[in-house]
Amino acid sequence: MLRSLLLTIFFLPGLAFLSGQTDSLGYGITCAMRDTAANAYWAAPVAFLNGSAEVKTQFDLIFSEDVPAVAQAAMRFAANVWGSYLDSDVNVRVNIDWQDRDDDRLLASAGPATLFRGFEGAETNTWYPVALAEAISGVDLNDPQDADINVNANSTANWYFGIDGNTPRRQIDLVSVMLHELGHGLGFLSSVDTINENQLSIGFGGRFIIYDLFLETESGLPLTDPGLFTNPSDELLMAVANNDLVFNGPLAVRENNGSVVPLFAPGTFDVGSSVSHLNEATYRAGDENALMTPFLSAGEAVHDPGPVTLGIFADMGWPLEFNLTGTQDARRVELAVFPNPASDRVTVKIPISAENKTLLLHAVNGQQLISQQIPGGQGQFDVELADVPAGMYHLTVVADAVLFGSRIVVR
Ligand SMILES: [Zn+2]
């Protein structure tokens, strides 16, 4: 069954939203898991995997000294997937901590470090997560030494550090969690919060966060319309705890085949999960849009934001590219390799003719040992393994829009 993420939004103490102020402290989302597992893999775009996609937004990942190197590699992979889609002239600075959270079911927490409003290109009276504000304005708005996004990952979670999507059924795919958490930090989050058990608020002091502006009930009532919803109120709570909340932005709708996008809004409001996620029942494990749902299963790897999430980002003002080619077809097919186990070399055979082929060899901890282009037309070729230490590896061939993979043992 499915293992999943449970998320909690919490507000940092000391938040000050003064009327004249144009920046404020951000807030974070905490993710934990439940006892479910799946075997699903949605790969990063082929153009990203084979290195032909340009990383247009640079992510400066600032690791605390105890983040293991293998985890750093997985986190860089996730950041660069976002960086291939998003187009910001300002580097996104991410502070990453690695701490024992005294609970191995807790995975990570993350959020924008700061919110900004009133910059050039901003909607009036609207808060933006700082990375988005900087992408829109083209200006590094906070101190260059300050983080744009904070991520705190749990050092004791049962992580899979590989970047190849071969996530064992009992492990949590770190690339997927990092991609998801960065999604929140980059702007996929609402400001809704509980006042008490009957009332919900939206916005801060009469100003909404950009994501809030697209929230509607299925019947088309915007949550931010003060003529429809008193703020705070029990009507607001009922509106988001009724399984009929949607994101209604033109580009998200376009990417969702013309329909408004169902958000996670269960009958009992969950302060951590509700509103700031796509609806789990609509976008299940293995769906191309599964990344920003509230539940990630053990054994599930989602290495692409998916078109609906990209649509939501574009509606919020993120400059981005929707298609890095081949995303739709990038599914894993078993690869023929022999001999296996191998020593000095292995022969690889792929059953299709493909113009562009890239061969990748990863250790089980995710470290990449080989990345090489294979000349077009060759359906069968040898891979030199003389420099590869004995052990178990994942061999992947990206052939046009198809991913082939196999485990091999080198001895
Ligand atoms: Zn989340």
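Remember, it's 1-based here, ligands and their atoms both numbered in the order they're listed.
When distances from the Zn ion (ligand 1) to the N, O or S atoms of His184 are compared, NE2 comes out shortest. If you look at His180 and ask which of its N, O or S atoms sits nearest the Zn ion (ligand 1), the answer is NE2. For His277, the N, O or S atom with the smallest separation from the Zn ion (ligand 1) is NE2.
Separation of the Phe48 and Phe77 ring centroids falls under the 6.0 Å cut-off. Here Phe188 and Phe247 keep their ring centres 6.0 angstrom or further from each other.
Side chains of Ser155 and Asp100: no donor on one and acceptor on the other come within 3.5 Å. Side-chain contact annotation: Tyr85 with Asp304, donor-acceptor N/O pair under 3.5 Å present.
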